[in-house]
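Everything on this sheet refers to the single structure shown next.
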Amino acid sequence: MAMRKGACRFGYWWVHVEWSEDTIHRVKFSRKGEDSYIPPAVRQFVKGKRSKISGLKSIALSDGHPYREIYNAVAEIPYGETRTYSEIGAETGFHARTVGVAMRRNPTPLIVPCHRIVAKNGIGGFTPEIDIKKALLEMEKKTSNTHFTKKNKNIPEVL
DNA sequence: TCTGTTATTGCGC
DNA sequence: GCGCAATAACAGA
């Protein structure tokens, strides 16, 4: 199976996607990039025109991945909502700290919406830049209040 | 094995 | 508020 690569702009950043067939292998953010083809579902999500990335699988959710349980729980968080590290921990039986480690190593942000995981008393962290997480949450907040009509709760004031 | 690395939490002051 | 200890699990040596 041939691996494909592409990129899409998101605010000040670029979203780089690597995939093959219907499986996303890696998603990463960087300051540089060139616009090129990526799966339409991902592109629309990044542009705030779609509330979930359907029809695509992530290797993070596949059998054998050490953090599969955690990523599955995260993938079920609805658009525009957030959970804390300890909530995900309680659901999956992992320690909050471990959830943090799993999020940091998340190979496919967006597909596994790790930006929706916040600390109990703050925003938590994000790699490589915390501002990306803030921007993603802001975008979801706005779009979910407009055309996705969803109530927004739990987003910390620190944004 | 053992050590270092975490995107956490909660308690005491 | 801040500092600190408890804590789970992986990666690399």
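Naming convention: chains lettered A, B, ... in sequence-line order (proteins, then strands); numbering from 1 in each chain. Just so it is clear, the values below take in all heavy atoms, side chains as well, and ignore hydrogens, waters and symmetry mates. Note that the coordinates shown come from a computational prediction; the quantities given were computed from them, not determined experimentally.
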Rounded to the nearest angstrom, tell me the gap between atom CZ in A:R97 and atom C1' in C:dA5. 11 Å

What is the distance from NE2 of A:H65 to P of C:dC10, rounded to the nearest Å? 11 Å

Decide yes or no for A:R116 and A:V74: does some side-chain heavy atom of the first lie under 4.5 Å from some side-chain heavy atom of the second? no

Is it true that a side-chain atom of A:R83 and a backbone atom of A:I77 form a donor plus acceptor pair closer than 3.5 Å? no

Less than 4.5 Å apart, any side-chain heavy atom of A:R4 and any of A:P39? no

Please convert DNA chain B into dot-bracket. A pair counts if it is Watson-Crick or G-U wobble with both distances under 3.5 Å; crossing pairs go in [ ] and bases paired with another strand get |. ||||||.||||||

Checking A:K133 side chain against A:I123 main chain: does a donor-acceptor pair fall under 3.5 Å? yes

Going by atom types alone, do A:Y79 and A:T143 pair a side-chain donor with an acceptor below 3.5 Å? yes

Quick one: label A:S86 by what it contacts on the DNA or RNA (base, sugar-phosphate, nothing), any heavy atom closer than 4.0 Å. sugar-phosphate

Separation of atom CD1 in A:I88 from atom C1' in C:dA8, rounded to whole Å: 16 Å

Regarding A:F94, tell me which of base, sugar-phosphate or nothing describes its non-hydrogen contacts under 4.0 Å with the strands shown. sugar-phosphate

All heavy atoms of A:C8 vs all of A:D35, minimum pair found to be CA-OD1, 3.8 Å

Whole-Å gap separating P (C:dA8) and CD1 (A:I70): 13 Å

Outer limits of DNA chain B sitting under 4.0 Å from a non-hydrogen atom of chain A, read 5' to 3', are B:dT6 to B:dG10

Treating A:H16 as the side-chain partner and A:K32 as the backbone partner, does any N or O pair qualify as donor plus acceptor under 3.5 Å? yes

Does the side chain of A:Y85 come within less than 4.5 Å of A:K120's, by heavy atoms? no

Which whole-number value in Å describes the distance from A:N106 CG to C:dC10 P? 15 Å

Can you say whether the rings of A:Y67 and A:H65 are parallel (under 30°), tilted (30 to 60°) or perpendicular (over 60°)? tilted

Taking the nucleotide of DNA chain B with the nearest heavy atom to each, does A:V101 or A:K120 sit closer to the 5' end? A:V101

